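The structure appears right after this line, and notes come after that.
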Amino acid sequence: MDTTYSESVDCKQWKKDAMNLAIKNNIFGDEPLIMVYNLDHFRALAKESNDRFNGIQTMAVKSNPVMSLLKEAIKSGLGAEVASFGELKIAELAGFTPDKIIYDSPIKTIQELEYAINLGVVINVDNFQEMDRVVEIVEKLDEKKKSTLVIGIRVNPQVQAGKYADLSTGVPTSKFGIGLDDSRERIISYYTQYNWMRGVHLHVGSQGFEMYQTSDAVVKVMSLVKEINGLTNNQITHVNVGGGLSVNFDTEQDKPTFTDYSTHLKERIPELFDGSFTLISEFGRSYWAKCGVVISQVEYAKKSGGRDIAVVHAGANLYIRTIYQHPLWKLRVTVFDSTGVYQDGKDGASVMDLAGPCCFAADLLVKERLLPTINKGDYVMVHDSGAYFYSSYSHYNLRLAPPIFAVESVDGKTYDSIKQIKKGETIEQKIAFFS
Ligand SMILES: Cc1ncc(COP(=O)(O)O)c(C=O)c1O
């Protein structure tokens, strides 16, 4: 039995308010599955990271490419880290300025590189073949344009994996970037040859890293930066430390915080904070995960082989990344009855599965967990759902992506309205994908 979260966890008041507002506004009358974001929480996190790190703070668009939330990020002073041409285009459309767009894709065509270089976004080159493409494009530009570019190499520091091997991008054999131990001299030769190479980038992984593991990698790359800057009259001006601040999926608390991480980095690598460099960051999960919840109505409550099973609309359609990480990665849930009252299990509980809606057996949002009695028409809230889940939405079984709502308080405490910020997907849109 899964005893990690052995009950329906209690949660912050804004989530209970959101639940009740959704019921009051009859949102579930039309939609059995919704997402809700707390904009106050996101704004506070963005402010904290902007206050603590100097330079350019970006949000990883892959973690949450919802247009109105990208616009919210712009209002909060963040830039955009984009990992594909599609993400670059949506960032441009949302209104991020090119100097605050970081183009990190591991696969960029010549046309995409030409577009990005002309636009003037910050570019991190993934491999030597891409480097040669970039050299060919940039060397044709005039000196004035060259002097505005911030282009560098994504350096793979070749360090150990974090808790999740699948999310560790800085291991010796990683598909990302250029291995520092493998190719230090060749990396240096590009910087000494091309004075428009002003940036350097690393990102060792996402979720499951201790702060010291990430900073070990930064320290390793900074030794390269010092060597290059010694050879080139301080050519590297922009140091991008990536994202990867882990999120606490176990409780309601934001931990570690941006303050914790910036303090830790400052202690180990003070030159990142003393004005010697423009420091770039690319956090995703730590901005968004804890600001968003998913709420599903319970469509059916049934029993099989003695096991209670509640069938919900959220499963592998939304949580494909975690469902394939069972039992390593678990999500906390809270049960509400059909009138929106939080259920603590004192009136009855049993070991049950929350079955996702997809047609394969492994699609279980929660497996063998002690939860309060759940009846048809009740609600299940899934916590820490604001990052990566909507962006990984699966077309499998043609299940429609849910609408998204937002709450924000008037006084920092009370949430008395809920607004729709994205419509749910329509059957026509879904069929168009396959047509
Ligand atoms: C290059 C790069 N930067 C930033 C991020 C964001 O990581 P996180 O959401 O863990 O902060 C990722 C995530 O995969 C990434 O690949």
Side-chain angles (χ1 to χ4, degrees), residues 42 45-46 48-49 52-53 56-66 69-70 73 78-88 91 100-108 121-127 130 152-157 161-171 174-178 199-211 213-215 217-218 221 238-249 254-258 260-262 265 279-292 320-322 325 329 384-392:
F42 168 71
L45 290 172
E48 184 184 348
S49 89
R52 299 294 168 191
F53 292 81
I56 307 172
Q57 299 346 297
T58 68
M59 61 152 274
V61 168
K62 64 185 87 96
S63 66
N64 194 356
V66 173
L69 298 176
L70 293 176
L78 298 180
E81 183 267 345
V82 297
S84 70
F85 197 66
E87 288 185 2
L88 173 57
K100 285 188 136 192
I101 297 179
I102 319 290
Y103 187 28
D104 273 345
S105 168
I107 180 162
K108 313 179 188 81
V121 302
V122 178
I123 297 178
N124 295 314
V125 174
D126 180 78
N127 57 67
E130 185 172 294
I153 286 177
R154 173 169 183 167
V155 175
N156 173 7
K163 180 175 171 192
Y164 303 103
D166 290 351
L167 299 181
S168 299
T169 52
V171 295
S174 172
K175 73 171 189 176
F176 295 103
I178 300 178
V200 75
H201 172 245
L202 76 148
H203 171 76
V204 289
S206 182
Q207 192 60 23
F209 280 83
E210 299 292 335
M211 289 189 294
Q213 290 177 295
T214 321
S215 64
V218 181
V221 171
H238 289 64
V239 176
N240 183 333
V241 295
L245 180 62
S246 287
V247 164
N248 167 21
F249 281 85
D254 288 300
K255 199 84 194 146
T257 62
F258 289 113
D260 296 333
Y261 188 43
S262 61
L265 275 181
L279 173 61
I280 302 177
S281 70
E282 314 171 329
F283 301 109
R285 205 184 307 275
S286 42
Y287 284 130
W288 292 109
K290 296 196 88 65
C291 305
I320 192 143
R321 286 170 158 232
T322 37
Q325 297 272 347
W329 195 328
D384 310 326
S385 295
Y388 290 104
F389 297 127
Y390 204 86
S391 53
S392 309

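Whatever order the structure lists ligands and atoms in, that order sets their numbers, starting from 1. In this text the structure is predicted, and so the values were computed from the model without any measurement. Residue numbers start at 1 and run along the sequence shown.
- Not a single N or O atom of Ala60, backbone or side chain, sits closer than 3.5 Å to an N or O atom of ligand 1.
- Atom OG1 of Thr169 and atom CZ of Arg154 lie 5.0 Å apart (nearest 0.5 Å).
- Between atom CD1 of residue Ile280 and atom NZ of residue Lys100 there is a gap of 11.0 Å, rounded to the nearest 0.5 Å.
- Of all atoms in ligand 1, listed by their number and element, those nearer than 4.0 Å to a heavy atom of Asp104 are 1 (C).
- Heavy-atom separations between Thr169 and ligand 1 are all 4.0 Å or longer.
- Using a cut-off of 4.0 Å between Lys/Arg side-chain N and Asp/Glu carboxylate O, Lys108 and Glu130 are scored as salt-bridged.
- Residue-ligand proximity, Phe283 to ligand 1, at heavy-atom distances under 4.0 Å covers atoms 11 (O).
- In this structure, Phe283 and Trp288 have side chains that are not in contact, with every pair of non-hydrogen atoms separated by 4.5 Å or more.
- For atom 15 (C) of ligand 1, the candidate residues are Arg154, Arg285, Lys62, Glu81; the nearest heavy-atom contact is made by Lys62.
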Worked check of side-chain hydrogen bond (donor to acceptor under 3.5 Å, both in side chains) between Ser49 and Tyr287: CA-CA 9 Å; Ser49 89; Tyr287 284 130; 2.6 Å; yes
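- Ser286 is listed as a side-chain neighbour of Phe258, based on a closest heavy-atom distance under 4.5 Å.
- In terms of protein heavy-atom proximity, atom 3 (N) of ligand 1 is closest to Glu282 OE1, 2.6 Å.
- Between Arg321 and Asp166 there is no salt bridge, since no side-chain nitrogen of the basic residue lies less than 4.0 Å from a carboxylate oxygen of the acidic one.
- Remark: ligand 1 atoms within the under-4.0 Å shell around heavy atoms of Gly243 are 4 (C), 11 (O).
- Between Asn248 and Lys255 the shortest heavy-atom distance is CB-O, 3.3 Å.
- The closest approach between Ala83 and ligand 1 stays at or above 4.0 Å for every heavy atom of the residue.
- For atom 5 (C) of ligand 1, the nearest non-hydrogen atom of the protein is His203 CE1, 3.4 Å.
- Within ligand 1, counting atoms from 1 as listed, the ones closer than 4.0 Å to a heavy atom of Gly284 are 8 (P), 9 (O), 11 (O).
- Under the 3.5 Å distance criterion, with hydrogens and angles disregarded, no donor-acceptor pair is assigned to the side chains of Glu282 and Thr58.
- In this structure, the protein non-hydrogen atom closest to atom 10 (O) of ligand 1 is Ser206 OG, 2.5 Å.
- Residue contact check for ligand 1: Tyr388 places a non-hydrogen atom closer than 4.0 Å to it.
- Backbone and side-chain nitrogen or oxygen atoms of Gly244 are examined, and one is located within less than 3.5 angstrom of a nitrogen or oxygen of ligand 1.
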